[in-house]
Amino acid sequence: MSFLPLYLDFMFHMDPYLGIFLLTPFFQPCCAWSVNNFLMTGPKAYLIYSSSVAAGAQSGIEECKFQFAWDRWNCPERALQLSSHGGLRSGKESTGYHHRDPLAAANRETAFVHAISSAGVMYTLTRNCSLGDFDNCGCDDSRNGQLGGQGWLWGGCSDNVGFGEAISKQFVDALETGQDARAAMNLHNNEAGRKAVKGTMKRTCKCHGVSGSCTTQTCWLQLPEFREVGTYLKERYHKALKVDLLQGVGNSAASRGAIAETFSSISKKELVHLEDSPDYCLENKTLGLLGTEGRECLKRGKALSKWEKRSCRRLCGDCGLAVEERRAEMVSSCNCKFHWCCAVRCEQCRKRVTKYFCVRKEKRERSGGGGASRKLKRKP
């Protein structure tokens with residue numbers, strides 16, 4: 001899937017024909033992020049980074065869905081699709097952080113979306129730099145030859161996070177056109193996402209010496225798997241700090257000064273939010289919340305984490321719902337063999353599986369507590 005580069009809004013303003021040309025490849029069906037969501041601002045010179053920024057935004061949202069798959073709020077598509085309409089972004093028309101749009105809540109979920117999206121953009125730009133995708137970017141060798149610690153020196157080819165950080169700021173932070181508390185919150189969480197990328201980098205070393213004696217080492221920094229960045233930010237999400245500001249705080253010079261002072265006292269590594277989260281157990285059409293009724297949960301499995309094993313209690317029991325067991329037949333391709341020349345032929349294997357879903361207690365009682373049996377087909 002492709003996602004609309006963040007700077008098309010700027011390009012339409014500068015050159016409508018170029019904007020249309022750039023937009024054409026992105027009119028493709030997509031599910032997680034609307035084409036209006038990430039509108040980039042920035043000079044035309046940054047055109048070469050468009051695909052990296054788009055891919056980074058996509059990876060951020062995919063990671064969001066993974067991290068919250070078994071949470072009551074599960075990074076729903078609808079919230080993300082509406083985020084460009086006064087939702088996740090601030091604007092010049094804002095006079096405070098209580099926007100008219102109910103989906104614009106400045107809660108910890110919005111904070112995470114900002115952080116993981118910003119991290120995804122920076123991560124992808126850094127990685128593509130290391131892969132040689134950009135002519136003007138290469139390894140970070142600024143510290144090579146310097147003493148890094150006892151027995152090792154900086155050397156090798158470090159991933160250039162400084163480049164990724166600088167370019168991602170130009171795109172992502174430029175989206176915040178307001179000067180209110182909401183804009184300050186968004187910018188703070190954008191920075192927290194970038195800090196997460198830098199804070200999870202891994203040191204890799206190579207030994208030097210006679211017969212591999214490793215008398216000295218040269219070391220460099222490499223990006224981790226993006227999953228580690230997502231896990232790090234999920235931990236920060238659980239510890240997110242609520243910033244208490246007076247309602248209706250405006251854009252006066254005094255207000256802006258108070259806002260800046262408040263946020264400057266908070267570590268850039270922390271996620272921050274202005275409002276409490278709603279009750280995600282319950283459906284609320286006004287707020288665009290679907291509730292947890294009908295959600296699948298996990299109950300058994302050797303490879304499940306403690307968080308996953310408790311998903312039925314979290315999504316169903318603690319929300320006043322019952323757990324319904326449903327038996328199903330999973331059909332998938334198996335025993336695939338290569339035949340000369342040139343085809344792969346597979347058998348169709350069937351496996352009985354048990355799945356669990358959150359249902360209203362009265363519905364479960366009417367059905368007698370039994371689980372419906374059905375057949376599930378999985379593509380090869």
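This structure is a prediction, so every number in the text was calculated from the model and none was measured.
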Parallel, tilted or perpendicular: ring planes of Y237 versus F68, cut at 30 and 60 degrees: perpendicular
Going through the checks in order, is the side chain to side chain contact (heavy atoms under 4.5 Å, CB included) test met by V197 and L223? CA-CA 8 Å; V197 176; L223 289 169; 3.8 Å; yes
Hydrophobic cluster identity match, L233 and F226, side-chain contacts under 4.5 Å: yes
Can you find a pair of side-chain heavy atoms, one from E63 and one from V229, that are under 4.5 Å apart? no
Quick check for you: to the nearest 0.5 Å, what is the distance between K206 atom NZ and Q217 atom CD? 12.0 Å
For a quick test of reading the model, state the closest non-hydrogen atom pair linking D71 to W307 and the distance between them. OD1-NE1, 2.8 Å
Identified side chain to side chain donor-acceptor pair (under 3.5 Å) partner of H208 from the options T215, T218, T216: T218
Check ion pair R194-E191 (N to O, under 4.0 angstrom): yes
Value rounded to 0.5 Å, distance of OG1 in T231 from CD in Q67: 4.5 Å
Does the side chain of Y49 come within less than 4.5 Å of N128's, by heavy atoms? no
Any chain of hydrophobic side-chain contacts (each under 4.5 Å) joining F66 to I116? no
Parallel, tilted or perpendicular: rings of F263 and H188 (30°, 60°): tilted
Would you tell me whether C319 and C281 have their SG atoms within less than 2.5 Å of each other? yes
Any non-hydrogen side-chain atom of N189 less than 4.5 Å from a side-chain atom of S118? no
Any non-hydrogen side-chain atom of E293 less than 4.5 Å from a side-chain atom of R360? yes
Report yes or no: does T200 contribute a side-chain atom to a donor-acceptor pair with the main-chain N or O of A196 at less than 3.5 Å? yes
I want to check a possible cation-pi pair here: R108 against W73, using under 6.0 Å from ring centre and within 45° of the ring axis as the test. no
For a quick check under 3.5 Å, do H273 and N107 share a side-chain donor-acceptor pair by atom type? no
On a heavy-atom basis, which atom in C358 and which in L321 lie closest, and how many Å separate them? CB-CD1, 3.8 Å
Applying side chain to side chain contact (heavy atoms under 4.5 Å, CB included), run through M122 and K198 and close with a yes or a no. CA-CA 10 Å; M122 174 179 168; K198 296 176 73 173; 3.6 Å; yes
Just verifying a value: how many Å separate D133 CG and R127 CZ, rounded to the nearest 0.5 Å? 8.5 Å
Any side-chain heavy atom of V161 sitting closer than 4.5 Å to one from M201? yes
Shortest non-hydrogen contact from S52 to T124? O-CG2, 3.4 Å
Regarding W220 and D141, is there a side-chain donor-to-acceptor distance under 3.5 Å anywhere? no
Can you tell me how far the CZ atom of R300 sits from the NZ atom of K309, to the nearest 0.5 Å? 11.5 Å
When rounded to the nearest 0.5 angstrom, what distance separates CZ in R326 from CZ in F357? 5.0 Å
Under a 3.5 Å distance rule, please check whether K65 uses its side chain to pair with a backbone N or O of C75 as donor and acceptor. yes
Are C312 and C297 within a span of less than 2.5 Å, counting SG to SG? yes
For residues K337 and N335, determine if any side-chain heavy atom of one lies less than 4.5 Å from a side-chain heavy atom of the other. no
Set of residues satisfying ring pair (Phe, Tyr, Trp, His ring centres under 6.0 Å) with respect to Y232, sequence neighbours excluded: none
Just checking, any donor-acceptor pair under 3.5 angstrom between side chains of E109 and S277? yes
Heavy-atom closest contact (R72 atom, Y280 atom, distance): CB-CB, 3.7 Å
Under a 4.0 Å N-O cut-off, is there an ion pair linking K202 with E228? yes
For E176 and L187, the nearest pair of non-hydrogen atoms, with its separation, is CG-CD2, 3.7 Å
Does K234 count as lying over the ring of F112, i.e. NZ or CZ under 6.0 Å from the six-ring centre, within 45 degrees of the axis? no
From CA spacing to verdict: side chain to side chain contact (heavy atoms under 4.5 Å, CB included), Q222, S158: CA-CA 6 Å; Q222 287 185 319; S158 292; over 6 Å; no
Would you please say whether a donor-acceptor pair under 3.5 Å links the side chains of D159 and T126? no
Could you give the distance from CD1 (I48) to CG (D135), rounded to the nearest 0.5 Å? 7.0 Å
Check: I61 and S117 side chains under 4.5 Å, non-hydrogen atoms: yes
Considering all heavy atoms, the nearest G138-N160 contact: O-ND2, 3.0 Å
How about C346 and C334, are their SG atoms within less than 2.5 Å of each other? no
Do R236 and K195 come close enough that some side-chain heavy atom pair is under 4.5 Å? no
Check: E261 main-chain N/O paired with S264 side-chain donor or acceptor under 3.5 Å: yes
Does W70 have any ring pair (Phe, Tyr, Trp, His ring centres under 6.0 Å) partners at least two apart in sequence or in another chain, and if so, which? none
Please list, one pair per line, the donor and acceptor atoms closer than 3.5 Å that link side chains of residues 142-157 to other protein atoms, with sequence neighbours excluded.
unit_1	atom_1	unit_2	atom_2	d
S142	OG	D140	OD1	2.8
N144	ND2	G156	O	3.2

Determine whether a donor-acceptor pair (N or O, by modelled atom type, separation under 3.5 Å) exists between the side chain of S305 and the backbone of E308. yes
